[in-house]
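Since the structure comes first, as structure tokens, the remarks are kept for the end.
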Amino acid sequence: MDHTLYFILLLVALCSVSECVQRQYHFINEEKTWTEAQRYCRENYTDLATADNMNDMNELKKSVNDRRVWIGLWKTGGNKWHWSSGEPVLYLNWGPGQPDGKDECAAMLNGEWHDLGCSNTQHFICNNNKLIVIRENLTWSGALRYCRQNHVDLVSVHSEEIQRRVRNVVKRASTAAVWLGLRHSCTVGIWFWVSGETVCYQNWAPGNGTSEEDCEETVRSGAVQSGGDQRWISRPETDQLNFICSRY
């Protein structure tokens with residue numbers, strides 16, 4: 001089997017058994033209430049820190065040096081805990097006797113979570129997934145080259161958290177659609193992220209991405225609408241659009 005084809009098929013097969021997101025975190029050496037910390041992270045990074053597994057926890061612990069810090073977990077109606085980013089709560093790491101039901105926000109100390117009054121001031125950790133819209137019209141290949149030379153890559157939208165961040169920044173674009181790092185392979189008839197992440201999360205507009213693509217004239221690539229619902233659409237790679245680079 002062709003090595004490229006094998007790699008793409010392997011990524012698809014691993015989607016159900018592997019993590020689709022490699023999180024990066026940033027410790028903020030300032031003390032704020034939980035709400036102030038949330039606002040700071042959303043304005044400067046992505047959101048307050050989210051953890052889905054022990055690997056995430058190990059990364060979190062590396063950045064805090066045994067301080068007590070806010071994370072993005074909070075309790076809303078129905079006595080249920082939710083992530084600030086809107087992601088589902090797949091993993092919990094409460095300390096003994098926690099949560100005690102008295103408070104609505106969560107902090108981490110020595111790797112364990114504790115509920116705490118949201119008006120307390122603590123250091124905090126942000127998900128460090130920064131994106132930037134480039135208001136220059138380039139083909140998809142030109143956009144990919146620009147991002148890799150000046151930042152890291154064209155953005156891969158592999159979770160609802162990243163899609164929310166894309167929704168925030170894509171409003172600054174000057175074109176009706178904006179390139180993503182999403183590429184179609186006519187050889188095997190699938191879409192894939194050029195950064196290597198599996199396409200686990202999808203946000204296609206109706207009539208896009210789910211049917212057979214026309215491969216006769218040019219390769220198809222993925223873009224996100226800058227207005228409306230900010231859904232993904234399939235476009236010829238020769239279109240000239242703004243684009244989103246990841247800086248992490």
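For clarity, every value in this text was computed on a predicted model and none was experimentally measured.
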Residue pair Leu241, Val178: steps toward the side-chain contact (heavy atoms from CB on, under 4.5 Å) verdict: CA-CA 6 Å; Leu241 306 174; Val178 179; 5.8 Å; no

What pair of heavy atoms forms the shortest contact from [X] to [Y], and how long is it?
X: Trp83; Y: Asp52; result: NE1-OD1, 4.4 Å
X: Gln98; Y: Trp113; result: CB-O, 3.7 Å
X: Leu60; Y: Ala49; result: CD2-CB, 3.8 Å
X: Ala51; Y: Met57; result: CB-SD, 4.2 Å
X: Ile28; Y: Tyr40; result: CD1-CE2, 3.7 Å
X: Thr76; Y: His82; result: OG1-CD2, 2.8 Å

Drop me the distance from [X]'s [atom1] to [Y]'s [atom2], to the nearest 0.5 angstrom.
X: Asn208; Y: Arg235; atom1: CG; atom2: CZ; result: 9.0 Å
X: Asp115; Y: Asp100; atom1: CG; atom2: CG; result: 4.0 Å
X: Tyr201; Y: Trp232; atom1: OH; atom2: CH2; result: 6.5 Å
X: Gln163; Y: Leu180; atom1: CD; atom2: CG; result: 8.0 Å
X: Leu138; Y: Phe243; atom1: CG; atom2: CZ; result: 4.5 Å
X: Phe124; Y: Gln38; atom1: CZ; atom2: CD; result: 11.0 Å

Cluster check [X], [Y]: I/L/V/M/F/W/Y, side chain < 4.5 angstrom:
X: Ile125; Y: Val89; answer: yes
X: Val219; Y: Val188; answer: no
X: Met54; Y: Trp94; answer: yes

Answer yes or no: is there a side-chain heavy-atom contact under 4.5 Å between [X] and [Y]?
X: Leu131; Y: Val170; value: no
X: Trp140; Y: Asp239; value: no
X: Arg220; Y: Pro236; value: yes
X: Val155; Y: Arg165; value: no
X: Asn150; Y: Cys245; value: no
X: Leu154; Y: Arg183; value: no
X: Gln225; Y: Ile233; value: yes

Arg68/Glu31 ion pair, N-O < 4.0 Å: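 Glu31 and Arg68: not salt-bridged.
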
Centroid-centroid under 6.0 Å between Trp204 and Trp191 rings: yes

Criterion side-chain contact (heavy atoms from CB on, under 4.5 Å) on Gln122 and Leu116, from CA distance to verdict: CA-CA 10 Å; Gln122 308 289 329; Leu116 193 67; 3.5 Å; yes

From CA spacing to verdict: side chain to side chain donor-acceptor pair (under 3.5 Å), Lys75, Asn79: CA-CA 6 Å; Lys75 187 168 62 176; Asn79 204 35; 3.2 Å; yes

Report yes or no: do [X] and [Y] form a side-chain donor-acceptor pair below 3.5 Å?
X: Glu36; Y: Trp70; result: no
X: Arg135; Y: Ser174; result: no
X: Asp153; Y: Ser246; result: no

Residues Ser234, Glu213; criterion side-chain contact (heavy atoms from CB on, under 4.5 Å); working and verdict: CA-CA 9 Å; Ser234 169; Glu213 297 288 343; 3.0 Å; yes

Aromatic plane relationship, Trp74 with Trp34 - under 30° parallel, 30 to 60° tilted, over 60° perpendicular: parallel

Whether the side chain of [X] engages the backbone of [Y] through a donor-acceptor N/O pair (distance < 3.5 Å, no angle test) should be reported.
X: Asn242; Y: Val133; answer: no
X: Thr33; Y: Thr121; answer: no
X: Tyr25; Y: Thr50; answer: yes

Verdict with supporting geometry, Gln230 and Val166, side-chain contact (heavy atoms from CB on, under 4.5 Å): CA-CA 8 Å; Gln230 284 93 32; Val166 165; 5.8 Å; no

Arg148 atom CZ: more than 12 heavy-atom contacts under 6.0 Å: yes

All salt bridge (Lys or Arg N to Asp or Glu O under 4.0 Å) counterparts of Glu136, not counting sequence neighbours: none

